[in-house]
Amino acid sequence: MRKILKPDFFNHPTLIVAQNLLGKFLVRKIGNKEIASMITEVEAYDGFNDKASHASRGRTLRNEVMFGEAGRWYVYLIYGMYWMLNIVTGPKDYPAAILIRGVADAKSPGKLTKYFQINKSLNGKIASKTTGLWIEDRGVKVEAKNILKTKRIGVYYAGPYWSRRRYRFLIEIPQ
DNA sequence: ACGATGATGAAC
DNA sequence: TTCATCATCGTA
């Protein structure tokens with residue numbers, strides 16, 4: 001089974017979509033080569049009030065994709081070196097996105113973008129075959145009891161309430 | 001524990 | 001125009 005996820009998949013509450021993404025496959029096409037790896041770790045950034053989210057300080061040039069329609073990529077540079085890959089969720093004008101933090105073959109957000117050759121050029125593009133980066137359902141079922149929930153990484157600046165929310169979701173993968 | 005490294009946004 | 005900050009990572 002190979003089903004490409006359409007924008008509608010992402011137009012739902014961010015915390016739900018985040019968990020639904022575990023076990024799905026991130027797929028990249030470069031030239032005639034296709035690479036794919038299962039998503040194993042994500043983080044939700046949800047709404048105007050989330051102090052850990054770029055959107056908490058309002059709409060800017062960088063974060064405006066987060067305010068757009070679900071199913072688009074939000075890609076930005078962090079620490080001058082690493083591209084972060086997010087997928088926009090929820091309705092238009094509601095800022096939310098899911099950071100893809102890990103796949104089976106690349107276990108951290110900066111490493112996976114390097115592995116998939118992802119940079120600013122994908123920012124704002126729709127996750128689809130035509131843009132060369134998309135997500136597929138390949139029939140892997142993830143049980144709710146197998147999803148680990150922890151606080152998000154690297155967001156202490158967001159204060160005790162928002163930094164402690166368990167918006168990070170991951171699954172264990174057999175080696 | 002820390003430095004690399006540069007875009008971003010807010011202050012001036 | 002300047003400046004602190006930052007959804008990280010590899011080396012120590």
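Per chain, numbering begins at 1; letters A, B, ... match sequence-line order.
The side chain of A:R57 has B:dA10 as its nearest neighbour among B:dG6, C:dT8, B:dA10. Nearest nucleotide to the side chain of A:L61, out of C:dT8, C:dA7, B:dG9: B:dG9.
Here A:L21 contributes atom CG and A:D137 contributes atom CG; the two are 10.5 Å apart, rounded to the nearest 0.5 Å. Note that CH2 of A:W134 and CG of A:L26 are 9.5 Å apart. Values are rounded to the nearest 0.5 Å. The line from CZ of A:F10 to CD of A:E69 is 14.0 Å long, rounded to the nearest 0.5 Å.
The closest donor-acceptor contact from the side chain of A:D105 to the backbone of A:S37 lies at 3.5 Å or more, if one exists at all.
Between A:Y45 and C:dA7, a base-stacking contact is recorded: ring centres under 5.5 Å apart, planes less than 30° from parallel.
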* To do: Represent DNA chain B in dot-bracket notation, 5' to 3'. Only Watson-Crick or G-U wobble pairs with both distances under 3.5 Å count; pseudoknot-style crossings use [ ] and interstrand partners use |.
  => ||||.||||||.
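Backbone-only engagement by A:R62 is indicated by non-hydrogen atom pairs under 4.0 Å involving sugar-phosphate atoms exclusively. Note on A:M84: only backbone sugar-phosphate atoms sit closer than 4.0 angstrom, heavy atoms only; bases stay farther off.
Salt-bridge formation is detected for the pair A:R101/A:E43: a Lys NZ or Arg NE/NH1/NH2 atom is positioned less than 4.0 Å from an Asp or Glu carboxylate oxygen.
Mapping A:Y79 and A:K120 onto DNA chain B by nearest heavy atom places A:Y79 closer to the 5' end of the strand.
Evaluation of atom-type donor-acceptor distances gives no pair under 3.5 Å for the side chain of A:Y76 against the base of B:dA7.
Scanning residues 9-19 of chain A for heavy-atom distances under 4.0 Å to DNA chain C yields an empty list.
The phosphate of C:dT8 (OP1 or OP2) has a side-chain N or O of A:R101 nearer than 4.0 angstrom.
Only one option out of A:R165, A:R57, A:R152 pairs with A:D50 in a salt bridge (Lys or Arg N to Asp or Glu O under 4.0 Å); it is A:R152. Here the rule is side-chain contact (heavy atoms from CB on, under 4.5 Å) with A:V75, and of A:L85, A:V65, A:N119 only A:L85 fits it.
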